[in-house]
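Heads up: the structure comes next, in structure tokens.
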Amino acid sequence: MSPYLITVLVIVGVLIAVGLYRVWAGPTVFDRLIAVALVSVNGVIVLVVLGFVLERPVLFLDIALGYALLAFLLPIALGRYFEERDDGTSRDGLPSPSSRPRPTGVVPHGLLAERGRREAERRRARADTDAPSYPHPEDDPDDEEHSPEDEGQP
Amino acid sequence: MIVPLDIIIFLVLIIAAVLAINVKDLLAAVALLAGYSLFASLLFAGVNAVDVSLVEAALGAGLTGVLFIGAILATSRHSTAKRNLRRRWTMLPLIAAFIGLMLFASTGLPDRGDPEAPAHQGVSRTYLSQSLEDTETPNVVTSLLADYRSQDTLGETLVIVTAALAAMLVLVRREGDDEDDTRGSDPGGDTSGEARGTTDDEQESGRDPYADEREGGRR
Amino acid sequence: MMTGAYPSVVVRVVGALLSPFILLFGLYIVAHGHYGPGGGFAGGGFLAVAAILPRVTLPESLAYKLVPVHFGPLMGGVGMLLFLLCGLVPMFFGGMFLDYGAVEIAGIAASRMRYLGILVVEIGVGLAVFGAMVTIFDVLMDRSET
Amino acid sequence: MTLIADIIIGIGMFFIVVSTLALLIMPDLYTRAHAVAKSETLGLLLVFLGLFFRPELDGPSVGRLVAVLVFSLVANPTAVHALVRASSRSGALPWTVIDQEIADAELGTAQERYDAVDDPVVSEATGGPSEEDPR
């Protein structure tokens, strides 16, 4: 029971709890998924260090090895879900994201500048016609209320 | 058992559970449940229950998540529960009262690992002292599960196999089973794999399936 | 659906790289339950993941050649049958149901017999869990025989 | 030996703390994933390397520790890669700083090129952008 390793354990535990803030606040579902995937890595560290603290490293390393092997499957399956279908539609029935116009801030280089030009023109056209826009699939109206405002956009 | 770590992991467990209920997107809920399984596994590992911990980490964190995603694929991704304020305000005091009652009841429980606890009287002493002699197995959990109480294990295995059989009975569709086919696959035996829109041939021949769309977007 | 080749080559390579190790680790967990954590349930889960990971990442023609669709129900039945036979054999020797120590084979003590019986039971449970999980996955992905 | 282990574990803990901080304060998905995946993996590597010098390490656990290390190093970045790639495919937008003057200058020069471009997306005009632009 080395006190140093116990301190490490407690710190990593606190970091897990802090990392769950991103799961709570993440504006889109991808923020949550990636935050969970990265919090899980801390879980592996806790498992291994716990084995050293309790002085039975072999048993705990078995668990950690199993978890490190298995935790690979869930993100792959989640990514599989979000990869588009091949006929150009996404799973939500909306047009495929890569054929959907991308509203981006202007990145002033080369080809992207053209895209920004088109974006400006489209914005003007939209201001004229006030066409209804289809909702983004990740924009959950219920998530808006506890998302931190605008994520440090200047 | 390390007390501060236990407290933190309990808190994280509660946070993860509440988040998994609150999140509207069911995929995030699946990921959170996998995280919940990992934290529960950490908790079990903290009290030296390595067998339970391994099963929790293996089945909870790895396997059930994929099955959940399969179920989401077959149904819907967003939970559409409506908020019922009246029900919420009647349920909250009830839940609080239940938690208070459970906390009050837990004060009468024996301490964790107390050798004088009622659960540790009776047969468990026999199992602990006789296991190595009877079965040459150092791991008492295994000898309990597979030898002393193997009929329980038989029942559990039967439950799992029955679950698989029930899933097959419910979900497998034969040709001409019913007309309202919502999943859009072609019920035609061997051809159904190709009709479902997977493009393995394209993948294997090295063609990027997204090349067309990228070209179209950037032309 | 979720099966078929993953569009990213990194994921395909790593999936193909990891699945044999998961299979090996699952066999280790099933067989090593006497001395460490594990046993049939966890080991069966690992074996199932070793079969499911190629289905999620690799091309279908390859993945379903490694572990065919009919393999799942077959293994579930075989594991269950192994468990039941392991329980029935001692009854021919005059013992109780699942009383492995009653089996008398010359040169093997009763405690050793129970040790071996535990091993066979764990293998049966592992196969049954493997079969059940793979079957549920295949059925959810709309891949099944018949 | 224990001192070496403690120092290496301390450095690893630094990287893990940094990765969690990055998870909190980075502005968008891609920066977060980028910062966190790397430094988290490096922290895990350093912590496990430090554990090799601990006195609690016994014979059979050396191989297992190496195996956990190798598989974590292979599997974690791949998992994050899969998630980030999927989110990119699903249209999650990178965070960009807009410098309006430079943008205007660039747009002016790009005018002729733009006129030559026949853009099906814009001409289709099916709807607005998928997210509200802050400006």
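All chains are named by letter (A, B, ...) in the order of the sequence lines, taking the proteins before the strands, and each is independently numbered beginning at 1. Both backbone and side-chain heavy atoms feed into the values below; hydrogens, waters and symmetry mates do not. Because the structure is predicted, anything quoted here is derived from the model rather than measured.
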Can you say whether D/Leu21 sits under 4.5 Å from chain A via the side chain, the backbone, both, or neither, judging by heavy atoms?
neither
Heavy-atom distance under 4.5 Å to chain D: side chain of A/Leu69, backbone, both or neither?
side chain
Side-chain donor-acceptor pairs under 3.5 Å in residues 9-18 of chain D, sequence neighbours left out?
none

Distance-only, no hydrogens or angles: does the D/Arg64 side chain make a donor-acceptor pair with backbone N or O of A/Asp62 under 3.5 Å?
no
With sequence neighbours left out, what residues match D/Phe48 under ring-ring contact (aromatic ring centres under 6.0 Å, His included)?
none
Could you look at D/Asp6 and say if it's the side chain, the backbone, both or neither that has a heavy atom under 4.5 Å from chain A?
both
Would you indicate whether the side-chain heavy atoms of A/Val8 and A/Phe52 approach each other to under 4.5 Å?
no
Scored by heavy-atom pairs under 4.5 Å with chain D, the best of A/Ile16, A/Thr7, A/Val48, A/Leu33 is A/Val48
Greatest number of heavy atom pairs closer than 4.5 Å to chain D - which of A/Ile76, A/Val39, A/Val18, A/Val49
A/Val18
Proximity breakdown for A/Leu5 and chain D, heavy-atom pairs closer than 4.5 Å
side chain
Any D/Thr2 side-chain heavy atom under 4.5 Å of D/Pro55 side chain:
yes
Close side-chain approach of A/Pro57 and D/Asp58, heavy atoms under 4.5 Å
yes
Partner chain A: residue of D/Ile25, D/Val47, D/Leu24, D/Val36 with the largest heavy-atom pair count (under 4.5 Å):
D/Leu24
I'd like to verify something: which residue of A/Leu78, A/Asn42, A/Leu74 has the highest number of heavy-atom pairs under 4.5 Å with chain D?
A/Asn42
